[in-house]
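None of the values given here were measured: they were computed from a predicted structure. Values below: all heavy atoms of this structure, side chains included; hydrogens, waters and symmetry mates excluded.
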Amino acid sequence: MDLGIAGRKAIICASSKGLGKACAMELANEGVEVVINGRTPDSLKATAEEIRKSTGTTVTAVACDVTTAEGRTQLLAACPNPDILVNNAGGPPPGNFRDWEGDEWHKALEANMVTPILLAKAVIDGMIDRKFGRVVNITSGAVKAPISILGLSNGARSGLTGFVAGLAREVAANNVTVNNLLPGPFETDRLTATLESAAKKNGTTLGEEWAKRQSSNPSKRFGKPDEFGAACAFLCSTRAGFITGQNWLLDGGSYPGTF
């Protein structure tokens with residue numbers, strides 16, 4: 001299927017590894033010029049070279065912290081008028097809400113709610129003027145089915161979800177869509193960290209928690225990052241212009257609800 005986005009420009013946040021990297025790779029495979037981002041210059045450079053070698057597309061790497069005003073300015077200077085914005089950020093650490101003070105909450109909100117909103121604000125009017133735009137926010141399956149030890153993430157990402165619900169309807173008439181991708185258990189460093197925390201809490205090993213979590217999923221496995229990247233690329237395509245304000249859950253069937 002031709003997704004109709006070859007030659008477009010995209011910013012993909014937190015894309016040196018994991019699900020962000022998978023999204024950047026799939027968009028690059030479709031001929032999109034990608035601006036990737038991460039905090040660690042060496043890993044970001046390696047990812048940029050990998051994407052260039054694999055796809056032949058133009059890749060710009062911007063090492064910065066997009067949760068800061070300076071980082072967002074640096075990222076947007078590299079691509080002032082993107083056609084596609086993929087918001088992503090590493091989730092807050094797991095833990096018990098009794099241990100979190102105001103600083104932990106503010107940090108979680110800044111990374112997983114405020115930053116995506118400010119980046120969307122910076123680019124969406126240009127998308128409206130050009131009559132094409134795609135904003136995809138990588139949130140979490142915990143938005144639909146909260147995970148107790150991920151309270152910081154549950155709260156911050158749910159706040160972003162509520163904001164997006166209104167924004168998406170405001171801009172839809174201009175061929176600008178805003179959607180959320182909700183990953184369940186994918187094979188990433190984030191999943192490993194979550195399972196390590198569960199192992200510590202339960203007095204088990206990482207291997208035991210890994211096997212238990214896989215067996216509890218209807219698919220009996222974890223998701224592959226490239227599967228997630230493909231879903232992102234489709235939402236960014238011309239084929240998905242009638243999909244907006246939605247929360248796509250990619251979890252292998254874990255969520256038990258009908259709706």
Seminar exercise, completed: Sorted by chain and number, sequence neighbours left out, side-chain hydrogen bond (donor to acceptor under 3.5 Å, both in side chains) with Asn247 holds for Asn180

Taking a hydrophobic cluster as the set of Ile, Leu, Val, Met, Phe, Trp and Tyr residues connected by side-chain heavy atoms closer than 4.5 Å, whether directly or through intermediates, do [X] and [Y] fall within one such cluster?
X      : Y      : value
Leu152 : Val114 : no
Leu75  : Ile36  : no
Val123 : Ile117 : yes
Val143 : Met113 : no
Val136 : Val178 : no

Exercise. Side-chain donor-acceptor pair under 3.5 Å between Thr204 and Glu209, yes or no?
Worked result: yes

Nearest heavy-atom neighbours spanning [X] and [Y]:
X      : Y      : result
Pro225 : Leu19  : CA-CD2, 4.1 Å
Gln246 : Asn179 : N-OD1, 3.0 Å
Ala78  : Val62  : CB-CG2, 3.6 Å
Glu110 : Thr115 : O-OG1, 2.8 Å
Ser15  : Thr47  : O-CG2, 3.6 Å
Asp251 : Gly253 : OD1-N, 2.9 Å

For this session: Enumerate the residue pairs fulfilling side-chain hydrogen bond (donor to acceptor under 3.5 Å, both in side chains) with a member in residues 147-157, sequence neighbours excluded, ordered by first and then second residue.
Result: Ser153-Arg157

Exercise. After noting the C-alpha distance and the side-chain angles of Met127 and Val171, does the key distance pass the side chain to side chain contact (heavy atoms under 4.5 Å, CB included) rule?
Worked result: CA-CA 9 Å; Met127 293 177 174; Val171 301; over 6 Å; no

Could you list all the ring-ring contact (aromatic ring centres under 6.0 Å, His included) pairs where at least one residue sits in [range], not counting sequence neighbours?
range            : answer
residues 129-171 : none
residues 206-227 : Trp210-Phe222
residues 172-193 : Phe186-Phe228

Measure from the side-chain N and O atoms of [X] to the backbone N and O of [Y], and report whether any donor-acceptor pair falls under 3.5 Å.
X      : Y      : answer
Ser158 : Gly155 : no
Arg134 : Asn175 : yes
Thr238 : Leu3   : yes
Asn137 : Thr139 : no
Ser16  : Leu44  : no
Asn217 : Ser219 : yes

Can you run down the salt bridge (charged side-chain N to carboxylate O under 4.0 Å, His left out) pairs that involve [range], sequence neighbours left out, and say none if there aren't any?
range            : result
residues 58-69   : Arg39-Asp65
residues 172-187 : Glu187-Lys224
residues 6-16    : Arg8-Asp83
residues 43-56   : Lys21-Glu50, Glu49-Arg52

For this session: Determine, step by step, whether Ile138 and Val86 satisfy the side chain to side chain contact (heavy atoms under 4.5 Å, CB included) criterion, reporting the C-alpha distance in whole Å, the side-chain angles of both residues, the deciding distance to 0.1 Å, and the verdict.
Result: CA-CA 7 Å; Ile138 300 176; Val86 180; 4.0 Å; yes

Quick one: [atom1] on [X] to [atom2] on [Y], what's the gap to the nearest 0.5 Å?
X      : Y      : atom1 : atom2 : result
Ser237 : Ile84  : OG    : CD1   : 9.0 Å
Arg239 : Ile5   : CZ    : CD1   : 11.5 Å
Ser140 : Leu160 : OG    : CG    : 11.5 Å
Leu206 : Ser197 : CG    : OG    : 11.5 Å
Leu118 : Thr67  : CG    : OG1   : 11.0 Å
Asp125 : Asn81  : CG    : CG    : 11.0 Å

For this session: Share the residues that join Ile149 in a hydrophobic cluster, the rule being Ile, Leu, Val, Met, Phe, Trp or Tyr side chains under 4.5 Å apart at the heavy-atom level.
Result: Ile147, Leu150

Exercise. Counting only heavy atoms not in Lys121, do more than 12 fall under 6.0 Å of its NZ?
Worked result: no

Problem set entry | Trace of the side chain to side chain contact (heavy atoms under 4.5 Å, CB included) decision for Asn37 with Cys64 | CA-CA 7 Å; Asn37 156 255; Cys64 66; 3.3 Å; yes

Problem set entry | Steps toward side chain to side chain contact (heavy atoms under 4.5 Å, CB included) verdict (Ile11, Leu119) | CA-CA 10 Å; Ile11 292 175; Leu119 285 171; over 6 Å; no

N/O donor to acceptor pairs below 3.5 angstrom from side-chain atoms of residues 23-35, sequence neighbours left out:
residue : atom : partner : partner atom : Å
Asn29   : ND2  : Met25   : O            : 3.3

Exercise. Looking at residues at least two apart in the chain, or sitting in another chain, which of them share a ring pair (Phe, Tyr, Trp, His ring centres under 6.0 Å) with Trp248?
Worked result: none

